[in-house]
Engineer: 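Encoded as structure tokens, here's the structure I'll be asking about.
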Amino acid sequence: MGGVMHSNDQRTHRVTPTRQGNSRARSYEWRVVEIPRGMSRGDARAMLTERAEREQWELARSQILLGGTRRVWLKRRVIRMQRTDAA
């Protein structure tokens with residue numbers, strides 16, 4: 001698949017929700033992915049499915065921009081680990 005974007009691609013970036021009062025928003029990690037106009041729906045679906053299966057992302061929102069670029073918001077729950085030893 002030549003058009004699949006990888007996580008180190010410059011068009012993929014992470015964002016942090018700006019709402020301060022919502023504790024549920026802070027328990028998620030967010031990533032915004034921009035899918036170029038030329039990428040087919042099948043390739044975009046395969047990329048998003050792979051991220052969902054391997055990296056535990058889920059689709060939160062999608063938007064089609066004027067030039068045909070698709071912007072997709074992905075989220076996943078942040079798991080906070082607590083130490084169990086007495087350190």
Side-chain angles (χ1 to χ4, degrees):
M1 292 180 174
V4 175
M5 295 180 356
H6 300 285
S7 61
N8 59 358
D9 192 336
Q10 291 180 359
R11 291 173 287 188
T12 302
H13 56 280
R14 297 171 192 238
V15 295
T16 305
T18 57
R19 295 181 201 163
Q20 296 297 324
N22 191 351
S23 63
R24 295 177 80 200
R26 284 185 260 155
S27 64
Y28 285 96
E29 177 182 8
W30 296 83
R31 178 172 285 175
V32 178
V33 179
E34 290 190 2
I35 301 170
R37 175 182 169 180
M39 183 183 280
S40 72
R41 281 182 128 186
D43 287 345
R45 181 175 38 243
M47 178 196 57
L48 294 172
T49 301
E50 180 179 339
R51 287 189 181 199
E53 291 176 354
R54 294 183 187 217
E55 300 174 19
Q56 305 302 313
W57 290 102
E58 61 183 74
L59 181 65
R61 178 181 178 202
S62 65
Q63 180 181 39
I64 298 176
L65 303 175
L66 275 174
T69 300
R70 289 172 268 182
R71 187 174 290 159
V72 178
W73 283 262
L74 304 172
K75 69 177 182 177
R76 68 179 170 188
R77 187 172 296 277
V78 175
I79 301 171
R80 290 181 173 61
M81 303 297 288
Q82 293 184 357
R83 293 185 72 158
T84 57
D85 61 346

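What you see is a predicted model, and the numbers here were worked out from it, not measured in a lab. Note: hydrogens, waters and symmetry copies are ignored here, and every other heavy atom, side chains too, is used.
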Engineer: Applying side chain to side chain contact (heavy atoms under 4.5 Å, CB included), can you list everything that pairs with Ala52, at least two apart in sequence or on another chain?
Structural biologist: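 Ala52 satisfies side chain to side chain contact (heavy atoms under 4.5 Å, CB included) with no residue once adjacent residues are dropped.
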
Engineer: In a check of side-chain contact (heavy atoms from CB on, under 4.5 Å) between Trp57 and each of Leu48, Val72, Leu74, Val33, which one passes?
Structural biologist: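 Exactly one option meets the side-chain contact (heavy atoms from CB on, under 4.5 Å) with Trp57, and it is Leu74.
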
Engineer: Can you see whether Trp73 has Arg61 sitting over its ring - NZ or CZ less than 6.0 Å from the centre and within 45° of the normal?
Structural biologist: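 The answer is yes, since Arg61 meets both limits relative to Trp73.
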
Engineer: How close do Gln56 and Arg76 get, heavy atom to heavy atom, and via which atoms?
Structural biologist: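 Heavy-atom minimum between the residues: O-CB, 3.2 Å.
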
Engineer: Just list the side-chain donor-acceptor pairs under 3.5 Å for residues 64-71, sequence neighbours left out, or say none.
Structural biologist:
residue	atom	partner	partner atom	Å
Arg70	NH2	Met39	O	2.7
Arg71	NE	Glu34	OE2	3.1
Arg71	NH2	Glu34	OE2	2.8

Engineer: How many angstroms lie between CD1 in Ile35 and CZ in Arg45, if you round to the nearest 0.5 Å?
Structural biologist: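 If we round to the nearest 0.5 Å, Ile35:CD1 and Arg45:CZ are 11.0 Å apart.
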
